[in-house]
Amino acid sequence: MENIISIIKKNAIFIALIIIALIPYNKVLPEVINPVVFIIMSALFLKYLFSKDHRAIVSSKQFKVMAIVMITLILLGFISVFLSRDKVLSFLNGFYFLSGIIVFLVVKFLKKQEVDKSIRALFYGGVMCSIASIVKYLFNSDIRLDGLLNYANASALLFAVCIVIFYFEIYKEYNSYLNRFGVLMLTIALFLTQSRGGVIVYLIALLFGIWLLCSKRRNLIIDILIFNISALILGYLLLTRQYLFLFLLCPIAIFAVFFKNEKYHIKKGVFIAIAVSIAAAIGVLVKVSFGRLTNIGIGTAQLQERFVFYEDALKLIRNNLMGIGAGTYESRQFIYQSASYGIRYIHNGFLQLAVDFGVEFLAACIIFIVYCIVQAYRNKRLRSIYFLITVMILTHSMLDFTMSFVYMNIILFMCLSIFTTANLEEEEKVSKLEKKTRRNALKDSSKLDIDNDNRLTGVSSSVRLACTVIMAVILIIVIVFIPSQVIYNAAVNCADKDDTKSAYNILKLCEVFPYEPSRYYEKLAVWSFKNYQDTKDSKYLNVTKVNIQKCLDMRKDDPRIYETAGQIDLILKEFNSAEQNFKKVKELRRFDINSYSLLLQCYENMYENKQISADQYKTISTKLSMEIKQVSKELNPKGKYMTSQLK
């Protein structure tokens, strides 16, 4: 048992990164994932903060500055919590970015070999994630592979980052058959996502990596081409579900994994001919098999759609400079929309930060990232894989919500921390020399006071105390709220299986906790009403009415609540109440044609039940039809781009 505990302690960050990579986002909600990851990373931070056997921070002044900046960002991020309509949701969701900040400090404590091990952990985590994602893909009918992140574009970037880690970091020393199999799985999964942004970032990263980071490029280029063409062929067979051909073409995978071309001498002319031929074959395969990847341009509906999101997001930001709280955008977007859509995240990581945490937080983050790049330039570390990965993530985040995933932020801040450290090997030597000098100077002392002991690790007792107090307060609050979120998560999973009775019973357990957010009342109302329809038990109907009213009181500007209330009223034939609720939906969601359809449906029911006359119904229908035409005109040209809504 002691040996197991010792192994876990020595490999804590390695194990943590593997576990976090394998969290299934389709089963676990962000308000559970994000705080749990924050707890894990905070525990690692405190472990290393008080550890004496880890790398000394050569410049304790620099560490203090970094620690103050990081803690300031964390505290700045929490300002938006107090402005949020659902403070618990915002508090727990906010850790998607704040966990990365803790990781930045953790990495500063790591020795060179621990940093290398952590980077390998990212690769192995990505490999296991890609294999699990492919298995999941085999058992559903989806065209695109979403992966464990449950979003194809973010999964694509994760796979691309892990592939880049293999080629430019692991390939040199750990080019084993197992790792080569792993990179093949990653590449297959990447192409199956059919993510244009992910593939473009991946290809550009490969080109820059080969140009900047490799001294022996020839063998690597051949391997890159072989792995990519093999992945395209096998990926196409998976995409089209041609499992017999996939089995017959398994030798392609075997060839890619076991053919190590460094054993063979390839002349320059032959090398160029092979490389060009394989590259051309890859181009043809992409066009024929993955046509979506070639449909790229400024005029594509998906890109124009994003520009509409950005324009509306800027309006929201102008009216909420301090942020609206993480996790609440989904219920606030309708007020500022200029087209009809419903999304959980803005497809831009930087705008999402401004919406969630405020303009001041985004400005502080940008300044910090620029500072890190300047530090890397001074330390001559811009030609490193870590800087390349940072650029990949930041570039991809300009057109997608990559940074809304806690694991992607962990990778981002790990790389930022590594490439801002001057030289790990030199720091190790300086650290050991300083320790030896200090110990010799104190050799004759009978005891070492605490301050001297702390100075040996480069972190003063005051910094340790401040970090510990702040982290302890945050962790206590997090731990208090997690149980109710786990219960809520379990209830949602039951409802996804159409077992609303179990979902309702599980959710009722949340009543023992002191704080019940509006989404709790919303789900309770919806599920209790479903149970009422199934059982005709009046107790469920009473619960429905009480909870829907609580929801309406708490979220007066959320049209989805009024829509739910109106639909329940229709079924209960309470038409006057339904009319008022649907009118509120139309008022709050002016650019959604469905809002007008709901109201029209209400009047149709009123007419059929003789609540209004035929003339009244005709007049109202004509008026609503004219309003729909007017809104349709205003929606163009923006409305025509809303063709690929995700949720």
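Side chains included, hydrogens not; waters and symmetry mates left out as well; all remaining heavy atoms used. For this chain, numbers begin at 1 and follow the sequence in order.
Using a 4.0 Å cut-off between charged nitrogen and carboxylate oxygen, E579 and K583 count as a salt-bridge pair. Remark: K501 does not engage D534 in a salt bridge, criterion side-chain N to carboxylate O under 4.0 Å. Between K508 and E511 there is a salt bridge, since a side-chain N of the basic residue sits under 4.0 Å from a carboxylate O of the acidic one. Salt-bridge annotation for K315 and D312: present, with a side-chain N of the basic residue lying under 4.0 Å from a carboxylate O of the acidic one. The pair E574-K545 meets the salt-bridge criterion, since a charged nitrogen lies less than 4.0 angstrom from a carboxylate oxygen. Under 4.0 Å is where a charged nitrogen must lie from a carboxylate oxygen, and between E563 and K584 no such pair does. Checked for salt-bridge contact, E627 and K586 meet the test: a charged N lies under 4.0 Å from a carboxylate O.
The side-chain tip of K523 does not point at the ring of Y520 from less than 6.0 angstrom away and within 45° of straight on. A cation-pi arrangement is absent between R589 and Y336, since the terminal nitrogen or guanidinium carbon is not both under 6.0 Å from the aromatic centre and inside a 45° cone about the axis. A cation-pi arrangement is present between R519 and Y488 under the rule of less than 6.0 angstrom and at most 45 degrees off the ring axis.
Counting all heavy atoms, side chain and backbone alike, N93 lies closest to P30 at OD1-CB, 3.4 Å. Between D146 and D142, the closest heavy-atom pair is OD2-OD2, 4.2 Å. In this structure, N409 and Y96 approach most closely via the heavy-atom pair ND2-O, 2.9 Å. For the residue pair S80 and M322, the shortest heavy atom distance occurs at CB-O, 3.5 Å. Contact record, L92 with P35: O-CD, 3.6 Å, taken as the closest heavy-atom pair. Y504 approaches V543 most closely through the heavy-atom pair OH-CG2, 3.5 Å.
A side-chain donor-acceptor contact under 3.5 Å links T328 to the backbone of G325. For the pair N581 (side chain) and S577 (backbone), a donor-acceptor distance under 3.5 Å is present. The closest donor-acceptor contact from the side chain of Y137 to the backbone of I143 lies under 3.5 Å.
In summary, the aromatic rings of Y202 and F159 are positioned with their centroids too far apart to meet the 6.0 Å limit. Between Y532 and Y540, the ring centre distance reaches or exceeds 6.0 Å. In this structure, the ring of Y603 has its center no less than 6.0 angstrom from the ring center of F575. Taking the six-membered ring for Trp and the full ring otherwise, the centers of F82 and F78 sit at least 6.0 Å from each other. Taking the six-membered ring wherever Trp is involved, the centroid distance between the rings of Y329 and F309 does not fall below 6.0 Å. For F38 and F481, the ring centers are positioned 6.0 Å apart or more.
Rounding to the nearest 0.5 Å gives a distance of 9.0 Å between CG of D558 and CD of Q333. Between atom CZ of residue F405 and atom CG of residue L158 there is a gap of 10.0 Å, rounded to the nearest 0.5 Å.
Other residues, nucleotides and ligands contribute over 12 non-hydrogen atoms within 6.0 Å of the OH atom of Y310.
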Q.
Show, in sequence, the C-alpha distance, side-chain angles and deciding distance for Y617 and D615, and conclude whether the side chain to side chain donor-acceptor pair (under 3.5 Å) test is met.
A. CA-CA 5 Å; Y617 177 58; D615 289 338; over 6 Å; no
Q: Could you give me the CA-CA distance, side-chain angles and deciding distance for F191 and Y236, then say whether ring-ring contact (aromatic ring centres under 6.0 Å, His included) is met?
A: CA-CA 9 Å; F191 287 124; Y236 174 71; over 10 Å; no
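Among F368, F361, Y407, the one residue that satisfies the ring pair (Phe, Tyr, Trp, His ring centres under 6.0 Å) test with F97 is F361.
A donor and an acceptor atom, one from each side chain of Q352 and N348, are nowhere located under 3.5 Å apart.
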